[in-house]
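Down below is the structure, laid out as structure tokens.
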Amino acid sequence: MVKRLAGLLQGVIVEDILGQEDISITGIAADSRKVTPGCMFVAVPGTAVDGHEYIGKAIAAGAAAVVCERLPEDTKRGNATYIKVSSSAVALGYIASQWYGNPSRKLQLLGVTGTNGKTTVATLLYHMARFMGEKAGLISTVANYIGDVRIEADHTTPDAITVNRLLSEMVEAGCTFAAMEVSSHACAQHRIAGLHFSGGIFTNLTRDHLDYHKTVDEYLKAKKSFFDILPSSAWALTNVDDKTGLVMLQNSRAARRTYSLRGIADFKGRIVESRIDGTLLDLNGHEIETLFTGRFNAYNLTAVYGASILVGWDREEVEVSLSRLTPVAGRFQPFRSNSGVTAIVDYAHTPDAIINVLDTIRALIGDSHSIIAVTGAGGDRDKGKRPIMAREAALRADRLILTSDNPRSERPEDIIADMDAGLDETLRMRTLAIVDRRQAIRTAVMLAKPGDVVVVLGKGHETYELIQGQKLHFDDCEEVQAALATIG
């Protein structure tokens, strides 16, 4: 593929151009190691690495053009054309969109953002589209899909080049619809710049990723920036039961729509009956039997319902399809032993998510049976939430086991100590610390009696454990099933 420089710069706010403007470009890259002769290199400042430091390497590899925020001292080297911009990250988004033929404009693309529920809502919308007869794509934490072809995911929201390549492949495969998780990192780093969204959905906002955003306010602003870029032709659907729900839509040009379980909204959900294996849900006056459990899932399904109607799908078909949807892998995923012990694997890794899961289970089983919770906290991430997570889990579970969960470069013992600091002496009396996650899960299952629920939190769909630079196979679902098999 070859494109003219002028065409690639459409939508980019250019401050200055040094060199020839009428040139052809043979590729785009934000990694100097991927530059080939004739390529355009976009120097993006990152949290760990600044692309400007690698302009020389890009030129040596044959870059024909360099997009940058700061011009290098030697702009004559390699006869490359230099394009100065105020934000290389934003420019990269528009350039990537142009390179791949603006694929987001050829799809009905929906973005989902919020702390909890992004994966579930995006994934269910992907399945809804398929139920409606559309060929669909998905970009999510668990996996990316082009039609029914699964592609492993490395990030919740990939870089701008990867996103546009995936969207382009969806268009080429005949997709007409795509759902996409939009993370706060992606917003802050402008990975979604240049994309055209038909709609946006906000789930909720609670404490998370403060290792990156530093404050809850900055985290909120990152999420809000997604709705700020929506065009007037789009719609924005927000959870008005969340205290920041309407804040997200301030200054948004998109048509504003709301959903709620508690008050007046465009799309109103109400739990009629809740069980461990499903929920009877009333949506705008129509009762629907679903395979999902918990109030948090009632919110997710109400959001999916609202978005489906806003997309333009037939209401009756939407209601039938909602009853056919199944839980996303690692999201309140149940397993049961022959002896009557239930285990649930869930991705909950924030205080609010832990509260939601454990409160849901308690409401279902009452006080006649016990909850045995297994949880940890990720290393090299927000340390402030660790004691809060442990305390909320200990307050709601009858027994708590603190264990390892992707310790990365930290010692799991130190992470567990940070979590333990959130417990008082009474809570510590019913808390164990077992560093080995496999042993922690097996211990929890051995402690359970018929009717009890073991809940394993934190990793959900993940099939690995990150320890000191190594990515080792570990699957909570596999471990839970193996442990349950030992008790019959």
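Start at 1 with the first residue, then count along the sequence.
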Would you call the rings of H461 and Y347 parallel, tilted or perpendicular if under 30° counts as parallel and over 60° as perpendicular? tilted
Does the side chain of D352 pick up a donor-acceptor pair with the side chain of T350 at under 3.5 Å? no
Distance only, no hydrogens: is a donor on one side chain within 3.5 Å (strictly under) of an acceptor on the other, for N239 and T203? no
Test item: K223 and C187 side chains (from C-beta on) under 4.5 Å apart, heavy atoms: no
For this output row, return yes or no: ring centroids of Y145 and Y126 closer than 6.0 angstrom. yes
Is the positively charged end of K34 above the ring of F41, judged by distance under 6.0 angstrom from the centroid and angle within 45° of the axis? no
Check for me whether the distance between the ring centres of F226 and F202 falls short of 6.0 Å. no
Heavy-atom check, side chain of M170 versus side chain of I139, under 4.5 Å: yes
Counting neighbours of CZ on R275 that are heavy atoms of other residues, nucleotides or ligands and sit closer than 6.0 Å, is the number greater than 12? yes
Could you tell me whether the side chains of D475 and T463 share a donor-acceptor contact shorter than 3.5 Å? no
Is there a donor-acceptor contact under 3.5 Å from the side chain of T279 to the main chain of S274? no
Does the side chain of R437 pick up a donor-acceptor pair with the side chain of T403 at under 3.5 Å? no
Answer yes or no: is there a donor N or O on one side and an acceptor on the other, between the side chain of Q333 and the main chain of A329, under 3.5 Å? no
Assess the pair Y305 and W313: is the distance between their ring centroids shorter than 6.0 Å? no
Taking V455 as the fixed residue, which of I354, V480, L358 is the one that meets the side chain to side chain contact (heavy atoms under 4.5 Å, CB included) rule? L358
Verify whether one side chain among T486 and R442 offers a donor that lies under 3.5 Å from an acceptor in the other. no
If every non-hydrogen atom of T293 is compared with every non-hydrogen atom of I276, which pair is closest and at what distance? OG1-O, 3.0 Å
For the residue pair E181 and T119, confirm or rule out a side-chain donor-acceptor distance under 3.5 Å. yes
Are the side chain of R270 and the backbone of L281 linked by a donor-acceptor contact shorter than 3.5 Å? no
Okay, side chain of R408, backbone of L466: is any donor-acceptor separation there less than 3.5 Å? no
Could you tell me if R324 sits above the aromatic ring of F131, with its cationic atom closer than 6.0 Å to the ring centre and no more than 45 degrees from the axis? yes
